[in-house]
Each structure stands twice: as C-alpha cells, then as structure tokens.
2 protein chains.
Amino acid sequence: MIKPSKILAFDVFGTIVDWHGSIVAEVERLGLAVDPIEFASAWRSGYKPAMAKVRSGKLGWTKIDDLHRSILDDLLKSFDINSLSESQIHDLNQIWHRLNPWPDTVEGLGRLKRQSMIVTLSNGNLGLLADMAKNAALPWDLILSAEVFRHYKPDPETYLGVADIFDVSPEEVMLVAAHKDDLLAAKACGLKTAFIERPLEFGPKVIRDDLHRESFTDYHAKDLNDLATQLGC
Amino acid sequence: MIKPSKILAFDVFGTIVDWHGSIVAEVERLGLAVDPIEFASAWRSGYKPAMAKVRSGKLGWTKIDDLHRSILDDLLKSFDINSLSESQIHDLNQIWHRLNPWPDTVEGLGRLKRQSMIVTLSNGNLGLLADMAKNAALPWDLILSAEVFRHYKPDPETYLGVADIFDVSPEEVMLVAAHKDDLLAAKACGLKTAFIERPLEFGPKVIRDDLHRESFTDYHAKDLNDLATQLGC
C-alpha cells in the first residue's frame, strides 16, 4: 500500500502538457488566417478572468470546457474568423482534450508512480482530463479536478480536498506545478511543493524571468525526470 | 479520440473484485476466532442499510470507508472480538482498499480499454478506489465514485452523472455490473446495460439462482473476457 506521505498532486496545463505548442499546431493545421501564437496566447489569457467569475460567485459552477468555448466564441469574433462550421468550432474547442505532453512527461510520471500515488489537481474538467490521459498515455493513479470540489484553484478547498480524499494531513501531499501562484496557495494550506521549470510554456518567443529557485518550494526541478531523480525514483 | 457511445461504466464490488474471498482470506490471516465466511457476509450485509441512511437524508454525506468502519465496530462487538488494537482495526477496515480482482478482470479490462473509455461507477470512495486500482493494476481511464456525485447508487444522479461528465446522452453509456438492481436503475435512466455472472460473489457455499439472462440487459456475459469478445475487442 502507498504511504500517505507519498501523494503527488500535479497541475496539468503547462506542467504536464504543452498547451501553447498544441494549440499553435492545431491553428496551423486548420489554416486559420491568424497569427497562431497570438491566438493561442489570447485563448489562454481568457482563462483566469473566466474562472474568477466562477470563484467570485458571479457565475454558477461552469466546466472549463464551457469556459473555453465562451472565450473561443469571443476570439473568433475579435479575430474576424467566419469560416468555421459549428462542428468545426466544437472540435477546435476539444483541442484542450488532446494537448500533447512535454517530452519528459510520460517517462517521468512512470518513474514517480513507482513509489508515489500520482494524481492530477487541475482546473480542467474530469472528461477533459480523462480524454487527455487516454490520448497521451498519462498513467494517473487518480484524476482529480476542480469539478470534484466545485471550486477552482487557487481556492483552498482544492488543495485540502486532495488530503481529504486520501484521509491524510495536508503536509502528506505535495503539489507539483510550473506556476508559483499555485504553489504558494498550496503552501498556505500546508502542502509540500515542487516547482517544475517549463521555459517554453508560453512559446519559444517568450523568455520567462520567473524560473529561479524560491524559498517557499521544497523541490525545484528542470522537469519530471529531474524530480524523479531528486526523489530517488 | 474515444467516441461518446463507447463509455463503459463498471460497478466494482463483486463485478471487478472478489470482496468475499478477499475478506475471508484476511480474517483467516488475522486468526480471528470467528467463522470467516459468516464474518465477511455480515460485514457486507451492513452496507445497504448504512447507505440507505445517507440516501434518505437521515445521515449526512458519509464515505464508504466510514460506513465500513461503523459496521465493523458493531460486528466486533457482536462477534465478541476484543483482541485487536485500534491500528489493527483500522488496517482491517482498509481491506476494502486491497480487494483482489477476479481472474479475468485485468485482462478483460485491458481488452475493453482498447476500444472504450473504461470508468468506475462505484459506491466506494475515491481514495479507496485509487488504492485498489494501484494495488491490483486495474487500468481505469477514469475513477468515478458516488463521492463525486454526493449520491449513492441506485440514485439517478450517479448514472446520469457519468453521461454529464463526458457530455454525452445516457444511451451512450453502458453500465457493466453483476447486480440486476443496479442495472435496472441504470436502464431506467436510459443507459445501456451489461450483466456479468459472478457465481462466486457470495462464496462457494452460496448457489446463486439469479444468473439467468434478462430481457432488460443489452449484454449478458460470463466474465469480462466474454464481454470483450461479444463487443469485438
């Protein structure tokens, strides 16, 4: 049996999968008359404000699939794209179910899984995360989502929810993420934290200046294989 | 990507794992001065009445782990067992996290997974199901539980909840179960149904007389490999 101190909860978008590169490739494949990099960045930028409406109570519980679609509808208007049918728009929205993993992801998770319970803690909805895992062969032990807790990260209910699911104390769970705000919120709830550098998360043109080691993270790793090595897997 | 008509939702206790044989073996291993078969049956018998209290609203939302523990505490009294420490009782209650799969389970699920999204729909809590899957190498695409829906089967919210998670209509989901009441409730919600014979679910001494084919099931299979063959996997 897995010891309760060995539960690793992973952020997904950016930490596990390359949303930027996957969307750029999809936009190029569809031949849309837009700058693919600009389009991908704009889609992702709509994400936090949309979730903030749910977190503040302005909007009732809404799945990420529906938030993505609402942002996409606005984007298609602002980018003046009229060439897509309803089913093509639906399929484009489903790209979030088919995001590609980073090169180290599958191997790294496989190593970490040998000694730990590996679970997602993502704002993505359960259906999206299940499709993504099947498509990319992500070997999760359990898929957890904001949808289970009816709260989006960084609400404390999400981090504390993981501990509750496994009936352990918060310090027996470690959040693994490429985003420092996520890790800070987890730390405030008593979780352990591991930062993963993802220099290409926003594409090759964006030079990130926030990849340095911080005092509030318990581990700092280049990628998931590096984390596995540091944890002795 | 998985077609939405190909979602298989599995009952777990009895359908996927052999709760009776696993508990009998654990009671024998512990050397408890009871009839292991009687003890296993009595523990399981407390399950439906305990859930009924939650379903009726008499008891607030309670995880199966806690219901199992409450039934176990009563059993230890009625069987007059005083030899176990608190940590031994806790560990005995955790046997539900370590139940053994039927001989066909892992191979059958592996075959069904090739063409379908395979998910649990169990009254077991998420932590229990994740431990069980890791321990028994059950290759779920997604672990769903009454805990996600805050309703126990056979409440409609559970069956309809699976369809909602994948954003499909109920007839695009098939429940696979060894229990006809579960299948009837799923059918009433519009799901497809597959019955799995589990002649040994209640131990080798109980001859089941309810294993015949019914008009309300879409498939009737000896085991999961038989179901995989019937579905062309």
Side-chain angles (χ1 to χ4, degrees), chain A residues 1-4 6-9 61 63-66 68-69 90-91 93-99 113-121 124-150 161-168 172-173, chain B residues 1-4 6-9 61 63-66 68-69 90-91 93-99 113-121 124-150 161-168 172-173:
Chain A
M1 283 286 79
I2 299 306
K3 288 186 193 167
K6 290 186 174 172
I7 292 164
L8 302 180
W61 180 257
K63 286 183 191 180
I64 284 290
D65 273 345
D66 297 324
H68 279 149
R69 175 60 195 262
H90 177 80
D91 187 64
N93 198 51
Q94 295 287 107
I95 182 63
W96 294 91
H97 293 225
R98 302 186 299 264
L99 299 177
K113 185 183 167 89
R114 278 184 231 145
Q115 73 173 31
S116 302
M117 180 69 81
I118 58 168
V119 310
T120 61
L121 180 60
N125 45 294
L126 291 170
L128 180 159
L129 294 168
D131 278 344
M132 177 195 287
K134 196 165 181 91
N135 187 55
L138 307 176
W140 301 120
D141 289 313
L142 181 62
I143 290 176
L144 287 176
S145 157
E147 191 178 7
V148 171
F149 306 116
R150 288 289 195 273
V162 179
D164 179 60
I165 291 286
F166 288 101
D167 198 21
V168 298
E172 293 173 289
V173 180
Chain B
M1 283 286 79
I2 298 308
K3 290 186 190 166
K6 291 186 173 171
I7 292 164
L8 302 179
W61 179 257
K63 284 183 191 182
I64 284 288
D65 273 345
D66 296 324
H68 279 149
R69 176 59 195 260
H90 177 79
D91 187 64
N93 198 51
Q94 294 286 107
I95 182 63
W96 294 92
H97 293 225
R98 303 186 299 266
L99 299 177
K113 185 183 167 90
R114 280 183 229 146
Q115 73 173 31
S116 303
M117 181 69 81
I118 59 169
V119 310
T120 61
L121 179 60
N125 45 293
L126 291 169
L128 180 158
L129 294 167
D131 278 343
M132 178 196 286
K134 196 164 181 92
N135 187 55
L138 307 177
W140 302 119
D141 289 311
L142 180 63
I143 290 176
L144 288 176
S145 157
E147 191 177 9
V148 172
F149 306 116
R150 287 289 195 271
V162 179
D164 179 62
I165 291 287
F166 288 102
D167 199 20
V168 299
E172 293 174 289
V173 180

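So that the names make sense, note that chain A is the first sequence line, chain B the second, and so on, each numbered from 1.
For the pair B:A130 and A:D141, the tightest heavy-atom approach, listed with the atom from each and the gap, is CB-O, 4.0 Å. Nearest heavy atoms, B:K63 versus A:I165: NZ-O, 3.7 Å.
The part of B:L144 that comes within reach of chain A is its side chain, from C-beta onward, which places non-hydrogen atoms under 4.5 angstrom from that chain. At a 4.5 Å heavy-atom cutoff, the contact between A:D164 and chain B is made by backbone and side-chain atoms alike.
Judged by distance alone, with hydrogens and angles left aside, the side-chain atoms of A:K134 form no donor-acceptor pair with the main-chain N or O of B:L142 at under 3.5 Å.
For the side-chain contact (heavy atoms from CB on, under 4.5 Å) with B:L126, the qualifying choice from A:V119, A:I143, A:V148 is A:V148, the only one to do so.
Counting heavy atoms from C-beta outward, A:M117 and B:D131 have side chains that approach closer than 4.5 Å.
A distance of 6.5 Å separates CG in B:D167 from NE2 in A:H90, rounded to the nearest 0.5 Å.
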